[in-house]
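Structure first, then comments.
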Amino acid sequence: MKRAMGIILTGGKNNRLKELSVERSIAAIPFGGKYRAIDFTLSNMVNSGIVNVGVLTQYSIRSLIDHLGSGKEWDLDRKNEGLRIFPPYLSEFGNGWYKGSADAIYNNMTFLERSDEEFVVIANGYAIYNMDYTPMLEQHVDKDADITIACRALDDLTENDKKTLGIVEIDEDSRIVDFKEKPLNPTGSLGSMGVYIMKRKFLIELMQDSAAKGYTDLVMDIIIRSIDSMRIYAYIFKGYWRPLNSIQLYYRANMDLLDPRVRRELLMDRRKIYTKVKDEAPAKYNEEADVKNSIIADGCIIEGKVENSVLNRGVRVMKGVHIKNSILMQGTTVEEGAQLNYCILDKGVTITAGKTLIGDQEWPLIVGKKITV
Amino acid sequence: MARKEIIALILAGGQGSRLGVLTHNIAKPAVLYGGKYRIIDFTLSNCINSNIDTVGVLTQYQPLKLHSHIGIGKPWDLDRMNGGLTILTPYQRFEKGEWYSGTADAVLQNINYVEEISPKYVLILSGDHIYKMNYSEMLEFHKKKNADATISVIDVPYEEASRYGIMNITDSNKIFEFEEKPQKPKSTLASMGIYIFNWSILKEYLMRDHEDPNSEHDFGKNIIPAMLNDGKNLYAYQFTGYWRDVGTIQAFWESNMNLIDRIPEFNMYDPYWKIYTPNPVYPAHFIGETGKVTKSIIAEGCMIYGTVRNSVIFPGVTVQEGAVIQDSIIMSDAFIGHNAEINCSIIGEGSVIGNHVRCGVGEFAENLYNPKVYNTNITVIGSNTVIPNGTTIGRNVVIDNFVIPQDFTTSEIPSGGYLMKGGNGQ
């Protein structure tokens, strides 16, 4: 699919992920033992044959830039094309901070103009899914649409989840007839996945026109206002998909990986999910280890009990520890005898000996980066 | 090319014939080790961790896997504009092509590679050993002693000393005598096959050795004795850490098992001395509801539904429910069926062990195929081999690579038996 280029939106300022997104863009949040959220969208693009990818980013970008590097893990360190990161910049015309997704694209118009692919796939970088964009592009061409939006049935999401999404209605031809962004009382059974396909030239014109009108947001200002005037179609995706829009969604998506079907679809598919390599030694289990139904990454050293949990790289679990239903990010240490249930420990957290931390399934207890409890 | 102070040449052409089926199709440096590595990773990581950024890897025996593993040296950050990693294979010259006939000959045939960089020092390494060593400290020692050559040595137990090249040294570490596999060793300082030479001197000795028809063209047997004869300044640099030549099945198995000790003598978890390798694209591993893992190493991409004790499990291995793995090494992408019982065995890459297979059962018996190679309690199953459901396999058995179920004429291979392609199972 050299026919399309990719743009990844990494999201505005968002405190729905609470402490976890204070110091990092949501796209850079650790997920599933060794990944960061953006790995999914980026790998999807690469696996769909897209090799010209721009990442538009502005909030807490350090961790994201560290993670992406030159793009070599995604095979995007290329002479031509490859991966480019576009943070906001000041110039005679540019006005610094991106005011929204459309403004971010408009401010990097040169990237669009200098590319020569016919189509653009725009996708957010904080959803967990394994998707081939090629059939979506084919449908876009077949329907002769102006914009195609990937949509998904919402039957496996909660009412609260739906309030964080764009809810769409379609006619029998899949044309979108109604789009409500983050409605308070969501009705309708389809949600926008935040993945859009359009012609590159169409996008350029659209952005120029929108900028002239002072529009800054792709969904609120452009798509919703153009439902009638443009041919906007839905492409229905049937696979697993979770946007990391809330702590609950983040927690559940991690726990979903313990389900072999989800793990197989997301991570063991022939469309592989690539991520930055850390060169950790394989995980080591000592005599006292007792691990059930859990995901354990490289570099972990385990001497305690772990159930229904996801342990990222380099976690230390000492003797007498009992961890249940929790997510432990890279480099956390749980000392002798500590008990955790329904917790999310951010990177570098230390739980000292004998502490007990208990959260709730709906409101897991979050311990922020590098805190010692 | 900009001049470098020191370059490394890694001798990686050896077969490692005492590793049996493990090295039938791949060179010894490419044999899997430690849950995700190949043996050569340790030497390559030592180079980059010692700030040596120009490395020639000399290959010869079954190089395909080794070459694809090393590639252009990216995992070790050795893909450089200036220097970096170069694979040096035997090649044809004007009149004729020649294989590398010995370690010294291998370097001699690549004189042009070294000359182009024109380093002051050359570090000669073997791609066969498991250890972590800072070569820059050895270089400092070499410079301080104003040596012509420095040989790294390790203290070995007296009873093993006669298996090694032994250095006899003065109080100032100067070597005055070298004995290859002495009957009655005078010291216990064994050569580790790691040498730093001043290039100008080494070059002279290599050329001279090349002209000698009686020479075996070996560093230990010819070059070092010749230099000693001429009264050159040879020094022994004493290394004290973990070092293993995992050249036999027993040594290979033991060294892997060392890694699962509570505090292993060889620490792979040191953030300041990482061991690099091409990382497979696998998710973190999964331990199922029925899984139980103790005193083991488990790599990425594994799915463990059975019991694993005292074992080293490489990436992408599946262990089905009811299976029990004990004291074993299971290499990448192997599949262990339901209720299989694996005891004291090495299972090669990509092999499939059927349901209810029992492997490594019974008492030791002498191996009928090659007792020189297979002479321990360990059963070895090659790579990409399929063991049919319900097969019973004894101890000290060897089963070839690429064996298919049709190759089995019996459902029981007793201790000491074998199944080699073209041979008879029994």
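Small disclaimer: the values here were computed from a predicted structure and weren't measured. Within every chain, numbering begins at 1; the chains are lettered A, B, ... in the order of the sequence lines, protein sequences first and strands thereafter.
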If one checks every heavy atom of B/I260 against chain A at 4.5 Å, the contacting part turns out to be backbone

One should read off an interatomic distance between A/D298 CG and B/I297 CD1, to the nearest 0.5 angstrom, of 10.5 Å

_Taking A/D279's backbone N and O only, do any of them form a donor-acceptor pair with B/K36's side chain (distance below 3.5 Å, no angle check)?_
no

Okay, B/P271 and chain A: the region with an atom under 4.5 Å from a heavy atom over there is neither

query = With no hydrogens and no angle check, is any side-chain donor or acceptor of A/K284 less than 3.5 Å from a backbone partner on B/D261?
reply = yes

Given A/D290, A/I273, A/L258, the one with more heavy-atom pairs under 4.5 angstrom with chain B than any other is A/L258

The interface call for B/L259 against chain A, heavy-atom contacts under 4.5 Å, is backbone

Heavy-atom closest pair (A/G33 atom, B/A284 atom, distance to 0.1 Å) is CA-CB, 4.3 Å

The interface call for A/E73 against chain B, heavy-atom contacts under 4.5 Å, is neither

Comparing A/N286, A/I296, A/L266 against chain B, the one with the most heavy-atom pairs below 4.5 Å turns out to be A/I296

Residue from A/E307, A/R313, A/K292 scoring the most non-hydrogen pairs under 4.5 Å with chain B is A/K292

Bottom line for B/I298: the part with an atom under 4.5 Å from chain A's heavy atoms is both

Counting heavy-atom pairs under 4.5 Å with chain A, the top scorer among B/K74, B/M268, B/E300, B/M303 is B/E300

A/Y35 side chain near B/P283 side chain, heavy-atom distance below 4.5 Å:
yes

Interface check, chain A: of B/G35, B/S296, B/P315, most non-hydrogen pairs under 4.5 Å belong to B/S296

What one should report as the nearest heavy-atom pair of A/A283 and B/H285 is CB-CE1, 3.6 Å

Highest number of heavy-atom pairs under 4.5 Å with chain B among A/K272, A/R263, A/M268, A/E280 belongs to A/R263

Atom CG of B/L64: over 12 foreign heavy atoms under 6.0 Å = no

- Please say whether more than 12 non-hydrogen atoms of neighbouring residues, nucleotides or ligands are located less than 6.0 Å from CZ in A/R264. no

- side-chain contact (heavy atoms from CB on, under 4.5 Å) between B/I287 and A/Y285, worked out: CA-CA 12 Å; B/I287 311 286; A/Y285 292 75; 3.4 Å; yes

Between B/A299 and A/P282 the two heavy atoms that sit nearest each other are CA-CB, 3.8 Å

Under 4.5 Å to a heavy atom of chain A? For B/Y305 that would be side chain

In this structure, NZ of B/K295 is separated from CD of A/E288 (nearest 0.5 Å) by 10.5 Å

